[in-house]
Amino acid sequence: MTTHHIRLAFDLITDLFPDGTSSQVASYLNRKGPLPFALLVRDLNIPAVNIARSLATLAIHDIIECYGDLRAGAKRILYAFNLKRALYILHYSKCIHCARQLYGFDGELIIEELLLNGKQRMSTLLVKVYERLIQAGKDPAVHSLQSIKESFRLLVSTQFLQRISMKETKSNMPDIAEETPTNLTQIPELTQEGWKHLIASQQEESHEPSAKKFKSTKIIFGDEKIFWKVNFQRFFAYLRDQELIQAFTNRIDQNAGEIIRGILRLAEVKPNPERTIPVSFIEIAKTISTTGLQMNEESLQKYINVIIGDVNNCFIKTGDQGKGTYIIDFQKALSGLTKGHIQSFLKERFGSNALRIYNMLQERGCLSQKQIEDMAMINAKEAQQYVYSMFIDGMLTLEELSKATDFNPTRTFYFFRVNLYNGVLSLLDHSYKTMSNLMQRHQFERERHRKLIDKRDKVDAIIHSLREQNAEEDQIKEVEDILSPMEKEQIQKLDAAFRKIDLAQLQLTETILLLEMYLSISNSTAPVQKKTGGRAAAEKLLETMSHR
């Protein structure tokens with residue numbers, strides 16, 4: 001956990017909950033640890049009602065965790081900040097986009113509603129999604145409650161949604177009942193009275209909000225204690241698979257990507273975070289034939305041999321049953337993808353010579369400073385600068401081999417080695433910092449040109465209203481002329497800057513997700529740094545070299 005890590009988390013919370021109280025409460029809990037409600041009210045100069053509202057909102061989104069205080073006999077509730085869950089806000093847009101690709105507009109709105117509200121009952125969710133579809137001008141005959149329920153069922157069956165059951169307890173805090181594997185994909189059957197009420201509200205042309213309808217008529221829907229939330233791990237696994245398919249498509253061709261897609265589809269029946277289940281050649285051939293890809297067994301075998309010989313070695317043959325069984329090792333696959341990101345980062349930050357040294361160390365293992373200078377064919381001064389810069393940045397680690405037990409520098413050999421785990425941590429820290437800077441830059445530009453943006457929005461609203469009223473083009477042209485040519489040019493430059501920032505954020509989000517998945521699946525551990533002053537010596541030497 002670094003300062004950039006924490007700063008990005010609170011930037012995301014501030015962006016999603018702009019009330020200000022939520023970020024203050026989360027920040028205080030992050031600094032002080034788990035605290036009861038009474039201490040929060042005492043220490044924060046905020047009304048108790050606002051703190052309670054913020055805690056409830058953050059708890060619904062799992063950003064705040066609630067549990068009983070064991071020292072007080074579980075009678076007092078403690079609130080703790082979940083930093084990892086707060087960073088999931090960064091991937092909300094990707095989850096919504098995946099739902100749109102897989103399940104259309106209905107699935108997109110279901111995921112969006114759950115992300116905005118944290119947890120909801122199915123009955124409430126169906127009504128809210130239907131109201132949003134009608135407001136968006138969709139055809140009620142196509143997007144009905146039944147079609148929304150079918151999209152919901154598909155999301156649950158593929159485990160993109162997670163079921164949560166609440167059980168009554170004697171304490172003040174409701175307890176979450178553990179779901180059995182059979183209940184995870186089981187949708188509660190709504191009562192006949194509740195379903196008739198939903199259908200009646202669908203057919204009504206009243207614009208009364210659904211919340212008022214439910215309050216005015218106390219209907220039992222049958223799912224009062226069953227809530228649903230987004231299963232982020234399932235979305236992350238899907239995005240990981242898409243990255244892997246795209247990598248093989250770029251490295252080999254489209255057919256290789258389709259073969260990997262078919263294997264991953266076969267492995268979805270028993271998801272495993274480390275590797276797929278063994279899939280036979282016959283099963284792969286059947287799956288490929290159903291996708292419409294024209295490929296005989298001989299061509300398929302050639303493609304599989306090429307994929308096995310890939311540099312990442314993530315596609316492995318495990319047996320000879322069924323003309324051969326194969327698995328995909330996700331740890332090796334993610335390792336290969338992260339190596340590509342690190343190499344790109346090093347080339348942009350330090351240049352091609354530094355990348356050459358990094359690749360050489362990765363291939364050779366560990367080398368001394370003198371060996372690096374000779375083998376990389378770079379003069380001593382530049383080689384030292386590149387090596388020590390990458391060492392300070394966390395891309396390289398230092399190993400010491402002493403002739404004596406005192407580790408005297410004159411009798412000690414120093415070797416540099418590539419440690420992918422440390423490199424990923426360093427690159428992830430840079431990514432968090434960059435993402436936070438992009439968000440703050442976007443907010444700064446928006447506040448800086450607030451008056452111009454508000455003026456543009458008002459003009460666009462008037463033009464939209466006139467076009468709905470079938471106004472003449474002269475009237476529309478007259479409204480457009482409210483903005484001067486200089487203001488229009490400034491707006492174009494501002495929109496271009498916002499597009500660049502949004503594109504950079506999108507690409508950076510994909511990189512962050514990939515690096516986080518590698519860290520979660522990797523069995524490596526960061527090496528323990530001995531207190532030998534190696535980092536300080538490297539920084540001092542670099543400073544001396546820069547003054548020469």
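Just the heavy atoms: all of them, side chains too, but no hydrogens, waters or symmetry mates, feed the values below. Starting from 1, each residue takes its place in the sequence as its number.
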Check: N250 side chain, Q246 main-chain N or O, donor-acceptor pair, under 3.5 Å: yes
pair Y414-E399: side-chain heavy atoms closer than 4.5 Å: no
Candidates H5, H4, R7, R441 - the one meeting side-chain hydrogen bond (donor to acceptor under 3.5 Å, both in side chains) with S436: R7
Given F236, W228, F235, the one that forms ring-ring contact (aromatic ring centres under 6.0 Å, His included) with F160: F235
Heavy-atom closest pair, residues T276 and A267: CB-CB, 3.5 Å
Pairing residues for N255 by the side chain to side chain contact (heavy atoms under 4.5 Å, CB included) criterion, not counting sequence neighbours: D253, L293, M295, Y303
Short N-O contact, D241 and R265, less than 4.0 angstrom: no
Carboxylate-amine/guanidinium contact E131 K128, below 4.0 Å: no
Ring centres under 6.0 angstrom apart (Y326, F315): yes
Heavy-atom donor-acceptor pair, S426 side chain to N422 backbone, under 3.5 Å: no
Pair D19, S22: side-chain N/O donor-acceptor within cut-off below 3.5 Å: yes
Heavy-atom donor-acceptor pair, N30 side chain to A26 backbone, under 3.5 Å: no
Check: N231 side chain, Q159 main-chain N or O, donor-acceptor pair, under 3.5 Å: yes
Closest contact, heavy atoms only, H61 versus L115: NE2-O, 3.3 Å
Carboxylate-amine/guanidinium proximity below 4.0 Å for D62 and K229: yes
Smallest separation among heavy atoms of Y358 and M395, with atom names: CE1-O, 3.9 Å
Any K149 side-chain heavy atom under 4.5 Å of L126 side chain: yes
V279/T325 under side chain to side chain contact (heavy atoms under 4.5 Å, CB included): CA gap, chis, key distance, verdict: CA-CA 5 Å; V279 180; T325 55; over 6 Å; no
Heavy-atom donor-acceptor pair, S335 side chain to Q331 backbone, under 3.5 Å: no
Pairing of E447 and R450 as salt bridge, 4.0 angstrom limit: yes
K94 and L513, any side-chain heavy atoms less than 4.5 Å apart: no
Electrostatic pair D495-R456, nearest N-O below 4.0 angstrom: yes
I245 backbone acceptor or donor facing T249 side chain under 3.5 Å: yes
Side-chain H-bond candidate by donor/acceptor type, T511 with S431, under 3.5 Å: no
Point-to-point distance, once rounded to the nearest 0.5 Å, from CD1 of I512 to NE2 of H341: 11.0 Å
Donor-acceptor contact present, side-chain S344 to main-chain G340, <3.5 Å: no
Derivation and outcome, side-chain hydrogen bond (donor to acceptor under 3.5 Å, both in side chains), residues T158 and Y103: CA-CA 11 Å; T158 51; Y103 304 104; 2.8 Å; yes
R240 NZ/CZ over Y518 ring centroid, <6.0 Å and within 45° of normal: no
Crowding at NZ, K317 (>12 non-hydrogen neighbours, <6.0 Å): yes
Close side-chain approach of L361 to I357, heavy-atom, < 4.5 Å: yes
Salt bridge (Lys or Arg N to Asp or Glu O under 4.0 Å) contacts touching residues 336-365 (sequence neighbours left out): R349-D393
Trace of the side chain to side chain contact (heavy atoms under 4.5 Å, CB included) decision for I46 with Q24: CA-CA 9 Å; I46 302 174; Q24 292 183 46; 3.3 Å; yes
Side-chain touch E400/F415, heavy atoms, less than 4.5 angstrom: no
Worked check of side chain to side chain contact (heavy atoms under 4.5 Å, CB included) between N82 and I64: CA-CA 6 Å; N82 189 342; I64 294 293; over 6 Å; no
Short side-chain to backbone donor-acceptor contact, T397 and N419, under 3.5 Å: no
Donor-acceptor pair, side chain of N437 and main chain of K433, under 3.5 angstrom: yes
E65 bridged to R85 by N-O distance under 4.0 Å: no
H442 (side chain) donor-acceptor with D502 (main chain) under 3.5 angstrom: no
Any side-chain heavy-atom pair of C66 and F37 under 4.5 Å: no
